[in-house]
Each structure stands twice: as C-alpha cells, then as structure tokens.
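Computation of the quantities below employed the complete heavy-atom set of this structure, encompassing side-chain atoms and omitting hydrogens, waters and symmetry-equivalent molecules. For reference, positions follow the sequence shown, starting with 1.
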Amino acid sequence: MTDQDLPGVLVSAFEGPSAICKDHVGELQKHFDLITMQKFLENKTQLGPKIQAVYIWGGKPAVNQELLQSLPALKIVANSGAGLDHLDLKLIASFGVKLARTPQAVSSPTADMGMALLLATARRVVEGHQLAISPDTENFPTNWMGQEVTGTTLGIVGMGSIGYKIAQRARGFEMKILYHNRKHRKLEEEEAVGATYCERLDDLLQQSDFVMLATSLTPQTHGLIGRRELRLMKPTAILINIGRGLLVDQDALVEALQTEVIRAAALDVSYPEPLPRDHPLLKLKNVTLTPHIGSATHQARRQMMENLVGSILASLNGLPIPNEVLLE
C-alpha cells in the first residue's frame, strides 16, 4: 500500500520544537500518510479533502475554525495527553468531529513526577546539587536542613487518575492524605490509600504540609490558587503544580515566596511556557522549575502514540473509539 492509499493524518512537523516524536514516525507511517502543517498550508486545495484525522502532539497543530473548515473529510482529532484546555470542544463538536485523548498513558509518569518534585523541594535537592558542585565550596555545612516528608500531610487538589496514583505513592511515605475534588471517590478507594475528602478547598489548604495541584484547567479552576488561598497555607508549606500554569496566580505566588507566606514551590507547568527569561520565578531559590515533563518518558510517550493510532483507526473504521471524549 502506498502513501496515496493510506488515510491522510495532519501532524505539526517532523523537525523543530513542535515536532512529533522522531522515534514514532516509522510506526505512524505504517498506518497513515503523514501530512505536515507546512505541506498542508502550501497545498490546501489538494490535501484538505485527503486529511481524515489531526494528530495533536504537544498541543500542536492548533485546531481552530479555519482549519476545521479546510478539512471536509475530517473524522477525528486525536490529542496526546489528558488535558483539553487548548481545544475548543464546542467548535470541534459543531463540525461533527470526534475527539480522543490518552489519559491512562500519562497517569503514572505524571504521578511519579509529582512525587519527584515534592521530594526534591522538601529536601532542597537542586540547592544541594549547586552547593556540592560549586567551585567555592570548601566544607558542607552541618546545618543544611530540608523538610521531613514521612508522616506529613499531603493535600491533593484533583483526585482523578493522576491524583489517585499520587496518593498511592504518598502512602509509602506514611503521609496523611487529604483531597479536594468535584466529587467523592468511592469509600473503598479512599480506604485503600487512607485519603480523607475535604469538601472545602480552604480546609485542605490550612491543614496540608504539601499541596499538590493535579486538576485540569477549566473556567472553574482558572486562578484556583491566588493570594487568599496562599495565605491560608502554612508558612512551612510547599506548593507543587503538575496540572496547568493558569491554576495559580503567578504574581501572587511570587509575592508569597518572596515574603515567606509559604516556604517553597515546585512547578512543572507555568504560564506561559517557557516563562520570560526575566520572570521573577526564575530568580527565587525556593522554587524548583521543570519544563512540563510530567509524561516525558519513552514508555509513556510510546503508549500515547499507540493509543492515538488505535483511536484514529477505530474512528476511520466506524468502531467504538478508545478514550473518546464525549462532546456535547
């Protein structure tokens, strides 16, 4: 079967910062004729009717009304990851297009990343590394102190698949687990990890030594943690965000870190990404920043690709779509 016989799938690029994973191209080309955005834009008239799926990797390509109008044969938008805040769901639904994502593939590695950031910040690992390698270091100070993790209280905001896996990991550190969510988990699920539901976010913030944001970005969660919420937290508390940057008022966070309203923060996400090089968060010693790498493992990214392939093929063959997002 030649490329001309394979269904056309729109991808961002093969090269550059927004490219799809090079290791996956060969596997994808077994099933699809991959058409890059640049190639499509150079010949919309011929290629538009051929494209039956959009393969979103790292949020690219952007799906807007102009693109959707240019793809009359489009059946599905296949989105890597769990977050959908970069997509206009009502717009996609209005074109009769299906949507799928890959939530299971990202749950475990993102939970691992959340715990890695919690531990690194509590024990000041990045600062310690800088001290250990500094050419000015002659002695290691005996009063170099971090914060205990074992036996402390972890508040998880967002108890979906990622939040629950964080709770499973935290139980190994004998942590007391509180969680705030739109709804209760089942009683047996709570008991399995020793989690207690907090109907009010304020209660969780006031009691937690670590606050982990693992919720999705919606109009309701935009700016969820602002100046008031930060002041409810303990002065010894650490905030970890593995959700989305816009969950947090970053100006309020900078102020809270500078004035020791809270002890520290660890952020795998920010807004924008990357932050401007003169942003104050980049200059604070009590901040640990990573470049949105929660799901960045070879295993997770390959599973994401395989899940997307399965969803696209199911859609093209009129079969039930794995991990379909039901659009209203």
Side-chain angles (χ1 to χ4, degrees), residues 1-14 18-107 160-161 216-218 244 295 300-328:
M1 185 178 290
T2 68
D3 283 354
Q4 297 301 315
D5 300 318
L6 294 172
V9 172
L10 184 65
V11 299
S12 53
F14 295 137
S18 62
I20 61 174
C21 184
K22 288 183 180 180
D23 294 344
H24 301 167
V25 171
E27 184 66 25
L28 290 168
Q29 288 177 330
K30 293 178 183 178
H31 306 281
F32 312 120
D33 177 11
L34 301 182
I35 300 167
T36 65
M37 273 298 295
Q38 181 176 345
K39 185 177 177 183
F40 165 69
L41 292 173
E42 290 171 353
N43 194 354
K44 284 186 179 182
T45 304
Q46 180 181 347
L47 295 177
K50 178 177 173 60
I51 294 170
Q52 298 184 59
V54 177
Y55 180 93
I56 299 181
W57 194 259
K60 303 293 183 180
V63 176
N64 53 32
Q65 185 160 340
E66 181 182 359
L67 179 66
L68 291 168
Q69 289 173 337
S70 303
L71 305 177
L74 184 66
K75 293 183 173 61
I76 186 170
V77 171
N79 178 69
S80 60
L84 299 171
D85 49 280
H86 57 293
L87 295 171
D88 187 332
L89 305 188
K90 289 183 179 179
L91 177 65
I92 294 170
S94 72
F95 280 82
V97 173
K98 302 289 188 180
L99 175 64
R101 56 179 172 173
T102 63
Q104 286 78 24
V106 304
S107 297
S161 58
S216 56
L217 179 64
T218 67
R244 286 291 186 268
S295 66
R301 293 290 167 89
R302 182 160 190 86
Q303 187 182 343
M304 288 162 66
M305 178 271 291
E306 291 173 349
N307 289 167
L308 294 178
V309 169
S311 293
I312 294 172
L313 291 176
S315 172
L316 300 187
N317 289 293
L319 301 172
I321 300 170
N323 299 311
E324 181 179 1
V325 178
L326 298 178
L327 302 174
E328 297 180 1

Margin query: For a side-chain contact (heavy atoms from CB on, under 4.5 Å) check, start with the C-alpha distance between L71 and F40, then their side-chain angles and the critical distance, and finish with the verdict.
Written below: CA-CA 10 Å; L71 305 177; F40 165 69; 3.8 Å; yes
Check: Where do S12 and T36 come nearest, in terms of heavy atoms and distance?
Finding: O-CB, 4.1 Å
Item checked: Closest non-hydrogen atom pair between P322 and A100, with its separation -> O-CB, 3.9 Å
Notebook entry, point to check: Do S295 and R301 come within less than 4.5 Å of each other through their side chains, counting heavy atoms only?
Noted result: yes
Next item on the list: Starting at CD1 of I76, measure out to CG of L74 and round the result to the nearest 0.5 Å.
Entry: 9.0 Å
Margin query: Keeping K90 on the side-chain end and L327 on the backbone end, is there a donor-acceptor pair under 3.5 Å?
Written below: no
Item checked: Inter-residue atom distance S311.OG - L319.CG, 0.5 Å rounding -> 11.5 Å
Notebook entry, point to check: Hey, is CD on Q38 packed in by over 12 heavy atoms from elsewhere, all under 6.0 Å?
Noted result: no
Notebook entry, point to check: So, for G81 and R101, which heavy atoms are closest and what is the spacing to 0.1 Å?
Noted result: O-CB, 3.3 Å
Margin query: A side-chain contact here means heavy atoms from C-beta on lying under 4.5 Å apart; do F32 and I51 qualify?
Written below: no
Next item on the list: For A82 and V106, work out which heavy atoms get closest and say how close.
Entry: CB-CG2, 4.0 Å
Next item on the list: Determine whether T102 and Q303 make a side-chain contact, defined as any pair of heavy atoms from C-beta on separated by less than 4.5 Å.
Entry: no
Notebook entry, point to check: Any side-chain heavy atom of N79 within less than 4.5 Å of one from H86?
Noted result: yes
Note to self: Please find the pair of heavy atoms, one from P72 and one from G48, that lie closest to each other, and give the distance.
What the structure shows: CD-O, 3.8 Å
Margin query: Measuring only between side-chain heavy atoms, which start at C-beta, is L91 closer than 4.5 Å to S94?
Written below: yes
Next item on the list: Specify the closest pair of heavy atoms between S107 and S161, including all atoms of both residues, with the distance to one decimal.
Entry: OG-OG, 2.9 Å
Next item on the list: Working to the nearest 0.5 Å, report the span between CG of L87 and CD1 of I92.
Entry: 4.5 Å
Notebook entry, point to check: What is the distance from atom CG of L10 to atom CG of D33, rounded to the nearest 0.5 Å?
Noted result: 11.0 Å
Checklist line | L84 side chain near L99 side chain, heavy-atom distance below 4.5 Å | finding: yes
Next item on the list: Give a yes or no on whether a salt bridge exists between E42 and K39, defined as a side-chain N under 4.0 angstrom from a carboxylate O.
Entry: no
Checklist line | Separation of K75 NZ from L316 CG (nearest 0.5 Å) | finding: 6.0 Å
Check: Does any non-hydrogen side-chain atom of E27 lie less than 4.5 Å from one of R302?
Finding: yes
Note to self: Any non-hydrogen side-chain atom of M304 less than 4.5 Å from a side-chain atom of W57?
What the structure shows: yes
Checklist line | Atom pair CE/CG of M37 and L67 - distance to nearest 0.5 Å | finding: 5.5 Å
Next item on the list: Go through V309 and L28 one step at a time and tell me if the side-chain contact (heavy atoms from CB on, under 4.5 Å) criterion holds.
Entry: CA-CA 7 Å; V309 169; L28 290 168; 3.5 Å; yes
